[in-house]
Amino acid sequence: MKMKLATLALSAVMAAGPALADLVIPSLSYRTGPYAAGGVPFADGYADYFTLLNERDGGIGGVPVKMIECETGYNTEKGVECYEATKGEGALIYQPLSTGITYQLIPKTTADDIPMHTMGYGRTSAANGDVFSHTFNYPANYWDGASGAVNYLLETNGGDLKGKKLALVYHNSAFGKEPIRTLEELSKKHGYELTLLPVDHPGQEQKSQWLQIRRERPDFVIMYGWGVMNQVAIQEAANIRFPMENFIGIWWSGGEHDVLPAGDGANGYKALTFHAVGDDFPVFDDIKTYVSDKGKAAGNGDQIGSVIYNRGFYAAMLAAEAIKDAQAATGNADVTPGDVRDAMESLNITEERMAGLGMPNFGPSFQVSCENHGGSGLVGVAQWDATNKKWSMVSDFKPTDRDVINALVKEDSEAFAKENNIESQCK
Amino acid sequence: MFYREAGDYKTTYVDDNQTFPIKFDRYRYYLVLLLGFAIIPFVINDYWVNAIFLPFLIYAIAAIGLNILTGYCGQVSLGTGGFMAVGAYSCYKFMTGLDIWLPTGAEGEMVQYALPPINIFFSVLLAGFVTALVGVLFGLPSLRIKGFYLAVATLAAQFFLVWLLNKWEWAYNYSASGQINAPERSVFGLLVTGPSTKAWVAYLFCLVFLTLVALIARNLTRGSVGRKWMAIRDMDIAAEIIGVDPLKAKLSAFAVSSFFIGISGALFFSVYLGAVEVGEAFGINKSFLVLFMVIIGGLGSIFGSFAGAAFLVLLPVLLKNTLVGGLGWPTDIAAHLEFLIVGALIIIFLVAEPHGLAQLWRVAKEKLRLWPFPH
């Protein structure tokens, strides 16, 4: 441990050496607090991908990446402090991994002309790029998640949910409240009954919610949880013997650390996802050769291949691809945040491109446009196998109900535009 | 030496009763004011304002508010976070145009009347008044109970207010996520809220409020109102015998204290963060944080409120910048160490000087009066 500390400190000092002409990417991470369980693997994945690029390719387009990590503790005040501390260093893109911090930074990044990528979280209506010029939430958002879960239930129940009861267990915050409107709209369309069960921050106290589930016996439970809340919920569900295959979590409720504490009880639990699970991809061989074998893995290096690690990895890949595109478009290796924003707006992630990166079928293929910052919104379902301690995909990435979602996005983003006098940016 | 009183003659009662009777002290105070109003605005940047000055100024207002209630009137309160939330949400309603729904007479039909948006300065003030009202309401039990029991009653206020503002859709203008966002608002044509705000404008806006609050608090506490509060704090039965009305004294303390805390909540939301979510921003942690500021700074001291706020706002930032920025340590180890160091310092401070930083300052002043000739 001591050795590791020393090397970590040393590498951080060395990385902080040459400041000019580096591609600066801040990582607003949280390795402490009640949400650290998810924050640690994401931050590790995010850091490892950039370490890989630096070690293997000498950075992006020949320019090394300098990642600055700043601890937020999932706290918005610290998030603002981190943003102000890092933006002056030439930060190219922000990924705060917190819906609360995202809400803080949407206006700030727009004013400072720095793009922000909130992958699968944040303000869903930011998918309307016409209003939210600097915020991107491809490849899928919370409302895609809600619709994806309902679609999956339709598919596995013969296309009919009439008279079924569906309960939503959610984190009582902006994050957890996001899917409510979508689920309500969809309940009108498909005729299921919706029960809402809020769980307060940080989410350890859920006895009464699960008591209610035991009493009302909903057919399905959907969960929007994060951090310590997930472990407690899955344990409680196992305690009341709720059939796990009818329990679907959002992608933030589907990591290894969420299901492991419940042991065999968690077998069959499902979670949505917008990227692949497992480490069966060529790029992970490179990670082994260039990063973990050299002792350069972030954190303890024990998260490689876990679900949330893959998500951080995927987020870093999308950021790096946007920077590559920006370099190609401007012919300039040292790009500005504004260039990266433009590149993100025309980002096109195809199967071939991902295969070329050693990540074939890692996520859905999608294309971003000025009007649509939300990507394709394809959502898949993964299931936990407690005997082999492994997540595996049980459904391909499938389209969601865009009619319902687009109408809601339009409504919410236009309200925001009106409140803040934002003019249409797409010609 | 520095605080020499020899030759500093007072010939009127007014002179004798001023806030800073010693000349050196008074000039230092003018110097700080000059520095704050005329020099700092020209040299600060975004980082200094958003990471250091705004939280310091806003928490100092909250600490003064709580100090009035707890330090001067002896009523323990754990509801600070909830009262700040009331300030934030009422400021939001005033600045976006308060909407009132009235039944039209027909079954189930409602018609909306909306006030025009109110200037941000007055929105903040009005938010203070709304919070004062709520504070008085939750101060009512203080007539019957005190000490730990009152602490629990105000704790209930904390949880109730957060729950209410999370539940009640009207409070956040029916937005899908329950977040409130501060739209751009200006004073004299200068933006004070929203992302394009200039650093010095936001700083000065909060500084004006802090100065006003501190002046009001100082003058209230050294007048008859403050003496009544302190009489209640020291022994309520004795105070009643000498003619202090406990109802008026306690409720006025709750009102003034909540007024200040409401202002700090309003500024916290509109100027500092720009978007808040009640559970995350105004949870029980916020109540504790402000209470720690008051205890570390010194109960029953205006200067102590400033010192406590500075201590708890600046120290974590300083530690973070030294450990991560300076020494390059991993962020998680630095964050954990930060908890350890701040916690240990709080304990050491309270063991060494239970009356807080203000008392340390007072002792230092006494020593400087005699220096270099101690007894």
Side-chain angles (χ1 to χ4, degrees), chain A residues 5 8-16 27 29-33 36 40 43 69-71 73-78 80-85 87-88 99-100 103-104 106-112 123-125 172-175 177-178 180-181 198 200-201 299 408 411-412 415-416 419-421, chain B residues 45-52 54-55 96 159 162-163 166-167 172-184 193-197 199 268 272-281 283-286 313 316-317 320-321 324-336 338-339:
Chain A
L5 260 182
L8 269 176
L10 193 67
S11 57
V13 169
M14 272 158 56
S27 166
S29 62
Y30 38 99
R31 296 171 180 275
T32 60
V40 171
E69 203 165 321
C70 188
E71 170 76 27
Y74 202 73
N75 175 305
T76 42
E77 284 164 70
K78 284 197 189 144
V80 170
E81 201 260 334
C82 282
Y83 173 75
E84 295 294 346
K87 83 172 184 198
T99 297
Y103 271 78
Q104 301 297 325
I106 285 174
K108 286 187 206 285
T109 49
T110 310
D112 294 331
R123 185 171 190 141
T124 303
S125 60
N172 199 2
S173 66
F175 152 52
K177 284 179 187 169
E178 285 274 357
I180 294 176
R181 225 171 251 187
D200 277 320
H201 159 91
L408 289 169
E411 186 191 313
D412 192 68
F416 181 83
E419 218 173 271
N420 294 281
N421 304 322
Chain B
N45 58 20
D46 272 0
Y47 178 73
W48 277 90
V49 164
N50 285 319
I52 294 169
L54 286 187
T96 54
F159 287 119
V162 167
W163 172 84
N166 207 349
K167 183 92 186 156
Y172 46 83
N173 284 358
Y174 308 96
S175 77
S177 55
Q179 283 261 1
I180 55 173
N181 285 288
E184 290 189 337
T193 64
S196 320
T197 309
F268 187 83
Y272 175 34
L273 288 183
V276 296
E277 183 191 316
V278 64
E280 206 271 325
I284 180 77
N285 287 345
K286 198 108 299 172
V313 169
V317 176
K320 195 199 98 172
N321 286 342
V324 179
L327 300 174
W329 288 16
T331 51
D332 51 340
I333 294 179
H336 285 132
E338 204 182 291
F339 288 136

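This is a predicted model, so every value here is computed, not measured.
Neither the backbone nor the side chain of Y30(A) comes within less than 4.5 Å of any heavy atom of chain B. Proximity to chain B (any heavy atom under 4.5 Å) is shown, for N421(A), by neither the backbone nor the side chain. Looking at F159(B), there are no atoms closer than 4.5 Å to chain A (heavy atoms on both sides), in backbone or side chain. Contact annotation for S175(B): only backbone heavy atoms (N, CA, C, O) come within less than 4.5 Å of a heavy atom of chain A. For chain B, the nearby parts of E77(A) are the backbone and the side chain; heavy atoms of each come within less than 4.5 Å.
Between E71(A) and A335(B), the closest heavy-atom pair is CG-CB, 3.8 Å. Minimum interatomic distance between V80(A) and L273(B) (heavy atoms only, all atoms of both residues): CG2-CD2, 3.7 Å. Annotation for P195(B) and P107(A): closest pair CB-O, 3.1 Å, computed over non-hydrogen atoms. In terms of heavy-atom proximity, Q179(B) sits nearest to T99(A) at NE2-O, 4.5 Å.
No donor-acceptor pair under 3.5 Å is formed between the side chain of E184(B) and the backbone N or O of N420(A).
Heavy-atom pairs under 4.5 Å with chain A peak, among H336(B), E280(B), K320(B), at E280(B). Of the listed residues (A182(B), A275(B), A334(B), A51(B)), the one with the most heavy-atom contacts under 4.5 Å to chain A is A275(B). Ranked by heavy-atom pairs under 4.5 Å with chain B, the list C82(A), S29(A), S173(A), C70(A) is led by S173(A). Counting heavy-atom pairs closer than 4.5 Å to chain A, the top residue among N181(B), N321(B), V324(B) is N181(B).
Under the rule for a side-chain contact (heavy atoms from CB on, under 4.5 Å), the partners of A85(A) that lie at least two apart in sequence or sit in another chain are Y47(B). In this view, Y272(B) satisfies the side-chain hydrogen bond (donor to acceptor under 3.5 Å, both in side chains) rule with no residue, not counting sequence neighbours.
Once rounded to the nearest 0.5 Å, the distance linking CG of N50(B) with CD of Q104(A) reads 10.0 Å. The CG atom of N285(B) lies 6.0 Å from the NE2 atom of H201(A); values are rounded to the nearest 0.5 Å.
Salt-bridge annotation for E277(B) and K177(A): absent, with no side-chain N of the basic residue lying under 4.0 Å from a carboxylate O of the acidic one.
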query: Taking it one step at a time, do V276(B) and T76(A) satisfy side-chain contact (heavy atoms from CB on, under 4.5 Å)?
result: CA-CA 8 Å; V276(B) 296; T76(A) 42; over 6 Å; no
